[in-house]
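Only one structure is covered here, and it is reproduced in the block below.
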Amino acid sequence: MEQQTTNITPQPADKAKIWGIWKVMLILLAVTAVEFIIALAIPESILPKPVKVYTYIGLTLVKAFYIVGEFMHLSHEKKSLIWSILLPIVFIGFMMFIFLYQGQAIYNALFG
Amino acid sequence: MASTAVVVDDKDENIWGGGTEPMKSSYGKLMMWFFLLSDAFTFSALLITYGLIRFKSPAFEGDVADFAFSPDRWPLPDFVFNAFPGSHALGVDHAPLVFVGIMTFVLILSSVTMVLAVEAGHRMDRKAVEKWMLWTILGGFTFLGCQAWEWSHFIEGIHVDDLNIFQGANLSQNQYGPPNFAALFFFITGFHGFHVFSGVVLNFIIFYQTTVGILERRGTYEMVEKVGLYWHFVDLVWVFVFTFFYLV
């Protein structure tokens with residue numbers, strides 16, 4: 001059943017496209033480097049722990065955006081596909097809110 | 001009726017009526033996306049469990065310089081994961097994030113080589129697909145090797161002179177913090193490591209199919225794209241594990 005094709009000549013690579021891929025990698029590395037600098041070089045007297053934590057989460061979402069959008073190509077898919085992947089993620093947000101709130105409540109019951 | 005001709009009126013055609021790809025994405029790719037969505041829920045459940053247990057446990061308060069391990073409070077990750085292979089021999093006692101930084105770098109790099117393999121597949125360039133798939137597999141093995149070292153270091157523990165203190169970690173007790181700390185480490189990084197392992201196996205199968213020319217004869221390298229989606233997802237999960245286990 002498989003289509004028989006012989007003597008295939010590969011098309012030449014598009015330099016701009018290849019550079020675009022490496023550019024995404026540089027962005028990911030740069031964001032990771034920023035996380036390292038915040039973790040190792042900036043003391044908590046300048047950036048309090050909660051500020052650091054929210055910065056880490058924000059930078060993680062930036063990395064997630066580039067991995068899913070560019071590497072997994074989701075940004076260039078049809079809108080209906082983008083939404084059918086992104087909308088169910090709302091449940092994860094809800095789960096996060098409800099369980100972290102619960103964890104705090106258990107702490108208060110045990111040690112508060 | 002096999003002999004009946006089907007006339008499709010383009011103007012009234014319903015894209016969900018069959019015969020077309022409504023999301024302009026093949027069946028296989030679409031199913032991979034929905035599998036990955038369900039996998040995202042599994043990993044989220046594990047990471048949120050980590051969050052809940054950490055929130056319900058007492059945290060270390062005070063100056064970082066005074067930190068010591070105790071089963072009564074959650075440890076600071078910088079003091080648990082602070083070594084790399086040979087760091088003790090070099091006399092480096094405290095090197096937080098160095099080794100896990102290398103692991104992150106390896107995984108991001110192998111994601112890039114995967115994208116390059118997919119791109120080469122679009123151009124029907126068999127030699128380039130082989131090359132980049134091989135680099136991706138190599139990256140996967142490197143990451144797994146690092147993970148194995150990380151685990152053995154975690155299980156062996158940090159040397160203490162007091163024989164009454166339990167050294168190292170297992171599923172029921174550990175020297176770093178509450179028992180759940182090690183249990184969550186084993187479950188979350190283990191589940192992720194198993195995904196990496198499956199990814200390497202899938203990548204190898206596709207690499208093999210490329211080298212023997214199966215994909216070229218098929219006329220499309222879409223299989224590279226499908227395992228590529230899975231491989232990037234593994235990278236994506238690591239980005240989150242890295243943040244919540246090692247940074248926060």
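Proteins get letters first, then strands, A, B, ... in listed order; numbering begins at 1 in each.
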Worksheet item: Do the charged groups of A/Lys52 and A/Glu35 touch, with an N to O distance under 4.0 Å?
Response: no
Worksheet item: What do you reckon, are the aromatic ring centroids of B/Phe191 and B/Phe43 less than 6.0 Å apart?
Response: yes
Discussion item. Please check: side-chain N/O of B/Thr42 versus main-chain N/O of B/Ser38, any donor-acceptor pairing under 3.5 Å?
Written reply: yes
Worksheet entry | Most chain B-contacting option - heavy-atom pairs closer than 4.5 Å, from A/Asn108, A/Leu74, A/Val24, A/Leu28 | A/Leu74
Practice prompt. Considering only heavy atoms and a distance below 4.5 Å, find which of B/Lys24, B/Arg54, B/Met23 pairs most often with chain A.
Written response: B/Met23
Worksheet item: Does CZ in B/Phe34 sit with more than 12 non-hydrogen atoms of other residues, nucleotides or ligands closer than 6.0 Å?
Response: yes
Worksheet item: Under a 4.5 Å heavy-atom cut-off, does chain B meet the side chain of A/Asp14, its backbone, both or neither?
Response: backbone
Worksheet item: In terms of heavy-atom pairs under 4.5 Å, which option from A/Pro43, A/Pro88, A/Ala39 contacts chain B the most?
Response: A/Pro88
Worksheet item: Which answer fits A/Thr60, side chain, backbone, both or neither, if we ask what part of it has an atom under 4.5 Å from a heavy atom of chain B?
Response: both
Worksheet item: So which of A/Phe99, A/Trp22, A/Tyr56 has the biggest tally of heavy-atom pairs under 4.5 Å with chain B?
Response: A/Tyr56
Item to complete: Run the ring-centre check on B/Phe187 versus B/His192 and record whether the distance is less than 6.0 Å.
Response: no
Worksheet item: Non-hydrogen atoms of chain A under 4.5 Å away: do they reach the side chain of B/Ser44, the backbone, both or neither?
Response: both
Worksheet entry | Heavy-atom contact with chain A under 4.5 Å, split by part of B/Leu36 | side chain
Discussion item. So for B/Ser57, is it side chain, backbone, both, or neither that comes closer than 4.5 Å to the heavy atoms of chain A?
Written reply: backbone
Item to complete: For residues B/Phe245 and B/Tyr50, establish whether the separation of their ring centroids is below 6.0 Å.
Response: yes
Practice prompt. Taking atom types as modelled, find out whether B/Glu225 and B/His122 have a side-chain donor-acceptor pair closer than 3.5 angstrom.
Written response: yes
Discussion item. Less than 4.5 Å to any heavy atom of chain B: does that hold for the side chain of A/Ile38, its backbone, both, or neither?
Written reply: neither
Discussion item. Heavy-atom pairs under 4.5 Å with chain B: which of A/Leu110, A/Ile18, A/Ile89 has the most?
Written reply: A/Ile18
Practice prompt. Go through the atoms of A/Leu61 and report whether side chain, backbone, both or neither lie under 4.5 Å from a heavy atom of chain B.
Written response: side chain
Fill in: Part of B/Pro58 lying under 4.5 Å from any heavy atom of chain A
both
Discussion item. Under a 4.5 Å cutoff for heavy-atom pairs, which residue among B/Ile53, B/Val64, B/Asp125, B/Asp235 has the most contacts with chain A?
Written reply: B/Asp125
Worksheet entry | Residue among B/Trp231, B/Phe242, B/Phe233, B/Phe105 with most heavy-atom pairs under 4.5 Å to chain A | B/Phe242
Worksheet item: Within a reach of under 6.0 Å around CZ of B/Phe67, are more than 12 heavy atoms found that belong to other residues, nucleotides or ligands?
Response: yes
Response to the item:
Turns out that what part of B/Leu229 lies under 4.5 Å from chain A's heavy atoms comes down to both
Fill in: Student check: side-chain heavy atoms of B/Tyr221 and B/Val118 closer than 4.5 Å
no
Worksheet item: Crowded around A/Tyr66 OH? As in, over 12 foreign heavy atoms under 6.0 Å?
Response: no
Worksheet item: Which region of A/Lys49, side chain (C-beta onward) or backbone (N, CA, C, O), has a non-hydrogen atom less than 4.5 Å from a non-hydrogen atom of chain B, or is it both or neither?
Response: side chain
Discussion item. Just so I understand: if I count every heavy-atom pair under 4.5 Å between each of A/Val53, A/Val68, A/Leu100 and chain B, which residue has the most?
Written reply: A/Leu100
Fill in: B/Phe41, CZ atom: more than 12 neighbouring heavy atoms under 6.0 Å
yes
Worksheet item: Among B/Asp78, B/Thr49, B/Leu116, B/Thr104, which has the most heavy-atom pairs under 4.5 Å with chain A?
Response: B/Leu116
Worksheet entry | Aromatic plane relationship, B/Phe143 with B/Trp238 - under 30° parallel, 30 to 60° tilted, over 60° perpendicular | perpendicular
Worksheet entry | Any side-chain heavy-atom pair of A/Phe36 and B/Leu247 under 4.5 Å | no
Worksheet, complete the sentence: Counting heavy-atom pairs under 4.5 Å with chain A, the top scorer among B/Thr220, B/Leu37, B/Leu30 is B/Leu37
Worksheet, complete the sentence: Listed by number, the residues in residues 90-98 of chain A that come under 4.5 Å of chain B (heavy atom to heavy atom) are A/Phe91, A/Ile92, A/Met95, A/Met96
Discussion item. Which one wins on heavy-atom pair count under 4.5 Å against chain A: B/Leu109, B/Ile108, B/Val248, B/Val112?
Written reply: B/Val112
Practice prompt. Classify the ring geometry between A/Tyr107 and A/Phe111 as parallel (under 30°), tilted (30 to 60°) or perpendicular (over 60°).
Written response: tilted
Discussion item. Please tell me whether B/Ser25 and A/Lys78 have a donor and an acceptor in their side chains that are separated by less than 3.5 angstrom.
Written reply: no
Worksheet entry | Aromatic ring proximity B/Trp74/B/Phe181, centre distance under 6.0 Å | yes
